[in-house]
Amino acid sequence: MKITFYGHASLGIEVGGKNILVDPFISPNPKAAHINVNELAADYILLTHAHGDHIADVEAIAKRTNAVIVSNAEIADYYSAKGFQAHPMNHGGSWNFDFGKVKYVNAVHSSSFPDGATGGNPGGFVIESEHKNIYIAGDTALTMDMKLIPMRTKLDLAILPIGDNFTMDVEDAILASDFVECDKVLGYHFDTFGYIEINKEEAIRKFFNKGKDLMLLEIGASIDL
């Protein structure tokens, strides 16, 4: 499993011979100007919620690649009505895709499309594939529901927001890693704009002091699990 960071909360995942994009907000992000959205492969697009900073490139990518959009029922219906392929999910439900099993889990945030349409309730994803399991938290506060995840899934990586203001901060993300019982963390949703700028060295040090590994990738960089 290869995971690439495309800035903000945007990820690329290569697993099981398939290409997955998560929350593609790339072309409007000046920090990701070196990423060519038109060259990104996508068999699936996973969306945690409907905010503009998570869906900006969805339609352009889905139109070019014919990718299946995977999200909650409201978001799936929104894109289905526009003629895109979509797979609806809801909290606690899972589905076996051709790249692995995906479960849609709780997140505490808000969710509405830029045009005012409802985005339903926000969520995150647990992906079990190729003997590697990851948790993509989405935009969320720290929530006790995170403690349910390790009751079913042993995680190899937790992908957590750390930017504060709109989501958890670094200290809450450390607690979240305790809750999901995973000490290997990829941080995201930070530094894109002023509200969520962080001290990266301090964040890494705080995780290290708790015996945890916080990875903060440069935009376009990848890790292999």
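Reckoned from all heavy atoms, side chains included, excluding hydrogens, waters and symmetry mates.
Linking ILVMFWY residues whenever their side-chain heavy atoms come closer than 4.5 Å, directly or via other members, leaves V108 and L175 in distinct clusters.
Ring geometry for F193 against H189 counts as perpendicular: the plane angle is over 60°, on a 0 to 90° scale with 30° as the lower cut.
N72 and Y78 share no side-chain donor-acceptor pair at under 3.5 Å. The closest side-chain donor-acceptor pair between H54 and D139 falls under 3.5 angstrom.
Residues A62 and F84 come closest through the heavy atom pair CB-CD2, 3.6 Å.
Classification of D183 and K210 as a salt-bridged pair fails, no side-chain N sitting under 4.0 Å from a carboxylate O.
Heavy atoms of other residues, nucleotides or ligands lying less than 6.0 angstrom from CZ of F208 number 12 at most. More than 12 heavy atoms of other residues, nucleotides or ligands shown are found within 6.0 angstrom of CZ on R64.
Under the side-chain contact (heavy atoms from CB on, under 4.5 Å) rule, P24 has a single partner from L47, L46, L40, I55, which is L47.
Between Y195 and F166, the distance from one ring center to the other falls under 6.0 angstrom.
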(request) Go through the steps to decide whether F25 and H8 satisfy the test ring-ring contact (aromatic ring centres under 6.0 Å, His included), and finish with yes or no. (result) CA-CA 7 Å; F25 170 78; H8 196 51; 5.4 Å; yes

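To the nearest 0.5 Å, atom CD1 of residue I20 and atom CD1 of residue I45 are 11.0 Å apart.
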